[in-house]
Amino acid sequence: MIAKVIVDVAVKQTDRMFDYQIPVKWEGIVEPGMRVIVPFGPRKVQGFVMDVVQESSVKKLKPLVDVLDIAPVLTAELLKLGFWLKDETLCFAISAFQAMLPAAMKARYKKEITLAHQQTLDRLPEEVQKRFQYQERIPWEELEQTDSKLLRQFQQQIKAGALDVIYRVEEKGTKKTKRVIFPNVSNKELSSYIETLDNRALKQRQILSLFLESNQPIIVQDLLEMADTTRSTVKTLVNKGLLKEENVEIYRDPYENKTFAKTEPLSLTTKQETAISPILAAVEENRYETVLLHGVTGSGKTEIYLQSIQKVLNKGKEAIVLVPEISLTPQMVSRFKGRFGSQVAVLHSGLSKGEKYDEWRKIHRKQVKVVVGARSAIFAPFEKLGILIIDEEHESSYKQEENPRYHARDVAIYRGKYHNCPVVLGSATPTLESYARAQKNIYRLIELQSRINDQAMPEVNVIDMREELRSGNRSMFSNSLFEKLSDRLQKKQQSVLFLNRRGYSTFVICRDCGHVVECPHCDISLTYHKNNHQLKCHYCGYQEPMPRVCPSCESEYIRFFGTGTQKVEEELAKVLPEARVIRMDVDTTSRKGSHERLLSQFGEKKADILLGTQMIAKGLDFPDVTLVGVLASDAMLNLPDFRASERTFQLLTQVSGRAGRHELKGEVIIQSYNPEHYSIELASAHNYKDFYKREMHTRKQHGYPPYYFLTLINVSHPDLMKAVSVTEKITSYLKHKLKDHSIVLGPVASAIPRIKDRYRYQCMVKYRNEPNLTGYLREILQHFEKETSQGKLLLSIDRNPHMMM
DNA sequence: AGCACGCCGACT
DNA sequence: GTCGGCGTGCTC
């Protein structure tokens with residue numbers, strides 16, 4: 001039997017199947033979707049079995065050397081999906097498969113040197129002998145670090161056959177095990193043995209009767225505790241052959257110390273009833289359908305998800321729920337765990353590699369029926385999917401920004417069609433793409449226009465910051481915001497202050513000559529970090545101390561500019577010294593669990609003001625928050641991205657949704673330098689529909705999605721001229737090949753023209769119908785293959801880009 | 001990606 | 001004359 005294998009070498013030349021002989025002992029065991037270890041050239045690599053066949057056109061096949069899985073880790077569906085992803089995103093097959101599995105399952109490769117078989121040490125050079133004194137195997141990296149003379153000696157011995165090179169493949173993830181004890185004989189024998197026990201053997205008797213009662217394996221620690229005894233007693237019984245010890249694999253449960261209050265389905269409002277019925281119908285009829293659930297913040301979308309999932313579970317099927325990375329807060333997790341208990345696995349970036357691996361294996365072993373997770377959870381290896389839900393459908397985190405550059409929404413729809421089940425996209429601010437599809441009846445549109453209990457939407461005031469400036473207020477808080485903050489402080493209500501850092505970073509500028517300190521390797525200004533008084537580049541990590549005088553004109557008036565959360569915090573302390581502030585940003589939430597901890601502190605009312613970046617925009621639901629302030633609402637508007645308006649609208653709507661979700665009425669203050677901009681005006685009026693119409697109009701005018709498809713080709717090279725000329729070649733090739741009404745733009749420098757000493761150029765294609773474009777793009781990759789594989793030239797193609805930079 | 005093979009320049 | 005540079009091509 002022959003296995004067709006995709007090997008773990010992500011380059012063009014090996015992006016195909018290689019045939020291997022399946023040794024007789026594994027015939028019938030090796031199946032498509034399993035991981036194997038195969039010899040590849042002189043070394044060994046991991047691979048995925050794609051198919052098992054009878055014949056091969058290759059003459060001398062090597063046998064595969066190991067099988068890593070008992071059951072396939074990729075289902076037949078996922079194998080097919082992998083090739084679809086490869087076609088769709090122009091990535092290598094191996095990259096597609098690796099994206100579907102937890103990182104812990106990726107192979108690690110080790111090269112080591114050992115003494116050849118039957119070789120004695122004394123024949124080797126002294127230096128070499130020394131190295132083998134304390135270890136049988138010497139890691140290759142260790143040798144590479146030593147002097148070249150020794151390295152050469154080793155190489156000679158390898159050539160002479162006295163030393164062997166061995167290639168090992170290891171799994172990154174480790175399985176955690178625990179020792180359990182269980183009876184080695186029948187219950188009958190056990191009880192009869194108890195009779196014969198000496199009267200002094202109290203503990204032994206106790207232990208054995210515990211097993212008679214429970215009839216199942218007991219973890220050693222638990223057993224010791226239950227019988228209040230020590231290892232030696234247990235050992236005695238094991239030695240007598242009555243009990244047996246064994247290691248069993250256990251799962252790390254990231255939520256093991258938390259209890260989730262069991263929740264019962266809430267009774268739905270009439271509006272929710274109407275909204276859920278088409279979803280339930282699709283579940284019932286095993287019918288694929290994509291439903292766009294457009295519900296304002298606080299309209300009760302989650303309860304709709306929960307009850308739809310309940311229906312799916314009742315049918316014996318499984319569910320995947322995607323939530324944006326950032327909102328995988330305990331609040332969201334506990335709603336799912338509370339309703340479905342141990343049937344839920346959670347997959348998000350807050351977990352360690354090992355924890356993710358364990359959660360994934362729960363899915364693989366069908367021990368759970370519901371997965372709640374970030375983007376990659378869309379690949380959960382379920383085989384009886386009954387529903388796929390993407391909450392906050394518009395979130396940019398659903399698009400992967402590295403190969404394979406997929407969008408979770410597309411994968412969800414692929415899987416929904418495969419499993420004949422509904423896909424639900426939920427959002428208060430759907431992407432224009434999705435809403436347009438709903439308008440064209442490609443998706444079914446379900447709208448929830450009002451909040452639960454008809455709670456009013458918060459009142460939104462837009463403050464013109466130019467006016468403030470004119471009237472002499474140069475602080476970052478408008479008078480109105482300041483007054484409201486003090487008011488809440490007095491009433492002992494809470495406020496949330498939102499600072500959008502993207503676009504407004506704390507760059508350093510000289511007030512005399514206007515010189516801005518930039519990164520020497522990237523064309524971007526450095527950001528000031530207060531804690532260590534350093535200037536840092538966000539793209540390459542370069543750091544330098546904050547200069548005391550301007551590097552250009554030596555003026556002393558060099559200051560940092562812009563508003564970081566740290567700066568806001570300081571200002572707050574000046575104007576509202578009595579306010580207790582919790583600051584949430586990358587700096588304060590980098591440690592594991594700190595995100596969660598800060599939020600719960602705020603929830604316990606240990607602070608009056610929550611100040612933060614993007615990460616506090618979504619999903620938070622605190623009853624005493626009655627004021628939300630957005631400090632710089634238009635920071636994003638000026639980014640070089642055709643979605644800037646859409647992002648601003650989404651963000652403002654999301655942020656406003658944080659206020660007044662319960663009995664207390666909410667109020668929102670939006671500070672802006674562009675108050676008349678339609679994103680800001682319409683967001684403050686809670687008017688999605690008009691925003692949609694308005695924005696669709698601009699998209700049509702400028703030839704952007706949803707009217708046009710987009711493909712972005714990024715070229716980067718250390719040599720500026722080379723970067724330009726390659727982009728130029730690509731651009732003219734595409735112009736030549738594509739239809740006249742398709743638009744090929746370029747070569748243009750990227751928004752950040754240089755990162756890590758590489759010049760960056762791009763070519764953008766706008767088109768409506770180009771069935772052969774994928775082929776042309778493949779041609780381009782092929783044409784530059786040699787140059788890209790040498791590492792100097794970097795080409796990346798993004799079909800449906802979300803980041804234009 | 002690794003690794004071997006092979007062809008040119010500067011060294012014991 | 002050999003060592004070692006890295007361009008080229010292959011991996012079932």
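All chains are named by letter (A, B, ...) in the order of the sequence lines, taking the proteins before the strands, and each is independently numbered beginning at 1.
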Using the side-chain heavy atoms of [X], tell me which of these nucleotides is nearest: [options].
X: A:Phe18; options: C:dC12, C:dT8, C:dG4; answer: C:dC12
X: A:Asp19; options: C:dC12, C:dT8, C:dT11; answer: C:dC12
X: A:Val11; options: B:dA1, C:dT11, B:dC3; answer: B:dA1
X: A:Leu61; options: B:dA1, C:dC12, B:dC3; answer: C:dC12

Quiz item: Ignoring hydrogens and geometry, is there a side-chain-to-backbone donor-acceptor pair from A:Arg137 to A:Ile113 under 3.5 Å?
Solution: no
Quiz item: Expressed in angstrom and rounded to an integer, what is the separation of A:Leu64 atom CG from C:dT11 atom P?
Solution: 18 Å
Exercise. May I have the distance from A:Ile94 (atom CD1) to C:dT11 (atom P), rounded to whole angstrom?
Key: 18 Å
Quick check on [N]: is either OP1 or OP2 less than 4.0 Å from any side-chain nitrogen or oxygen of [X]?
X: A:Tyr167; N: B:dG2; value: no
X: A:Arg16; N: C:dC12; value: no
X: A:Lys111; N: B:dC3; value: yes

Just checking [X]: base, sugar-phosphate only, or nothing, at a heavy-atom cut-off of under 4.0 Å?
X: A:Lys4; value: nothing
X: A:Phe40; value: base
X: A:Gln13; value: base

Self-check item: Partner residues of A:Pro747 under the side chain to side chain contact (heavy atoms under 4.5 Å, CB included) criterion, sequence neighbours left out
Solution: A:Thr727, A:Glu728, A:Thr731, A:Tyr761
Quiz item: Without hydrogens or angle criteria, can the side chains of A:Glu77 and A:Tyr414 be said to hold a donor-acceptor pair below 3.5 Å?
Solution: no
Are any protein N/O atoms closer than 3.5 Å to N/O atoms in nucleotides 9-12 of chain B? If there are, list each pair with its distance.
none

Self-check item: Comparing A:Val58 and A:Gln790 on DNA chain C - which has the more 5′ nearest nucleotide
Solution: A:Gln790
